[in-house]
Asker: 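Right, I'll just put the structure down here and ask away after.
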2 protein chains.
Amino acid sequence: MKVSKKKTEPILGLGTPITANFTGKAWLQNLSGQPEYECNVYNVTFAPGTRNYWHSHTIGQILLCTEGTGYYQEKGKPAQRLQPGDVVNIPANTVHWHGAAPDSRFTHIGITPRVSENKTEWIGEVTDEEYSEAVR
Amino acid sequence: MKVSKKKTEPILGLGTPITANFTGKAWLQNLSGQPEYECNVYNVTFAPGTRNYWHSHTIGQILLCTEGTGYYQEKGKPAQRLQPGDVVNIPANTVHWHGAAPDSRFTHIGITPRVSENKTEWIGEVTDEEYSEAVR
């Protein structure tokens with residue numbers, strides 16, 4: 001029996017503070033990471049205004065938006081506003097960021113497939129100017 | 001930009017009726033299935049009393065319970081009651097079923113990792129006697 005009683009509702013437990021590669025406050029809660037699955041599943045909660053750095057994944061990543069309002073932006077494209085129920089399939093080797101709206105907390109489930117091969121490259125901060133431009 | 005506006009809330013669209021290997025009414029809604037991810041993500045909604053057949057997966061499967069009350073049972077073990085927020089890591093090659101409680105609709109997100117290698121074997125119906133015994 002492999003049922004774990006971790007809650008996907010972040011209000012019941014936001015998880016562990018994320019300390020690197022984010023601007024602002026964010027929390028990580030692992031939901032599943034069995035080695036044989038080669039697939040990690042986790043909640044990320046962003047405080048209002050928080051976003052992660054520009055980064056890319058060599059395979060890609062799936063986001064399932066579950067709470068609040070957020071944004072996803074690929075380099076050189078307009079940001080897209082995210083609401084609960086939205087699904088983002090982040091393409092391989094594509095520089096992007098995701099995070100909360102200025103006035104809303106935001107939570108998504110993240111799914112990282114093919115974890116052994118799927119490397120993340122962190123590039124640098126989304127500046128206040130870039131963020132303001134993206135979410136206006 | 002790969003944002004799709006599929007909703008994870010089943011109330012907004014239950015998806016396609018499932019016609020095989022289930023007892024009762026159930027619906028499938030694909031959320032993500034990019035070939036390069038080797039990882040399928042989908043909602044399954046079970047009407048009250050509905051369950052799938054006894055089956056197993058050669059790699060395993062992840063369930064994220066999102067709505068209603070359900071059950072998960074491995075062959076020869078007691079069933080475990082599931083509520084929103086519960087996570088089930090189904091082990092490889094383990095005969096099991098999942099479904100709704102008799103008096104509640106149940107929805108979970110399913111995540112199938114390593115899809116090319118991850119074969120499902122369907123064994124047979126969970127009889128009314130087996131189901132009643134499991135959920136009493």
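Order of the sequence lines fixes the chain letters, A, B, ..., with proteins taken first and strands second; residue numbering starts at 1 for each chain. Keep in mind the model is a prediction, meaning the values are calculated, not measured.
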Asker: Can you name the nearest heavy-atom pair linking B:Ile62 to A:Tyr37, along with the distance?
Answerer: CG1-CE1, 3.5 Å
Asker: So which atom in B:Val41 and which in A:Leu64 form the shortest heavy-atom distance, rounded to 0.1 Å?
Answerer: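 In terms of heavy atoms, the two residues are closest at CG1-CD1, 4.1 Å.
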Asker: For A:Trp97, what are the other residues in its hydrophobic cluster, where any two members join if their side-chain heavy atoms are less than 4.5 angstrom apart?
Answerer: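 Taking Ile, Leu, Val, Met, Phe, Trp and Tyr as members, A:Trp97 shares its hydrophobic cluster with A:Trp54, A:Tyr71, A:Val95, A:Ile123, A:Val126, A:Tyr131, A:Val135.
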Asker: Do you know which of A:Gln61, A:Glu38, A:His96 has the most heavy-atom pairs under 4.5 Å to chain B?
Answerer: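 Max contact count across the listed options: A:Gln61.
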Asker: Using ring pair (Phe, Tyr, Trp, His ring centres under 6.0 Å) as the criterion, list what pairs up with A:Tyr42, not counting sequence neighbours.
Answerer: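 By the ring pair (Phe, Tyr, Trp, His ring centres under 6.0 Å) rule, A:Tyr42 matches no residue at all.
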Asker: For B:Glu36, what residues pass the salt bridge (charged side-chain N to carboxylate O under 4.0 Å, His left out) criterion, not counting sequence neighbours?
Answerer: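 Scan of B:Glu36 (salt bridge (charged side-chain N to carboxylate O under 4.0 Å, His left out), adjacent residues dropped) gives none.
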Asker: Report, by ascending residue number, the residues of residues 111-118 of chain B in heavy-atom contact with chain A at a distance under 4.5 Å; give 'none' if the set is empty.
Answerer: B:Ile111, B:Pro113, B:Arg114
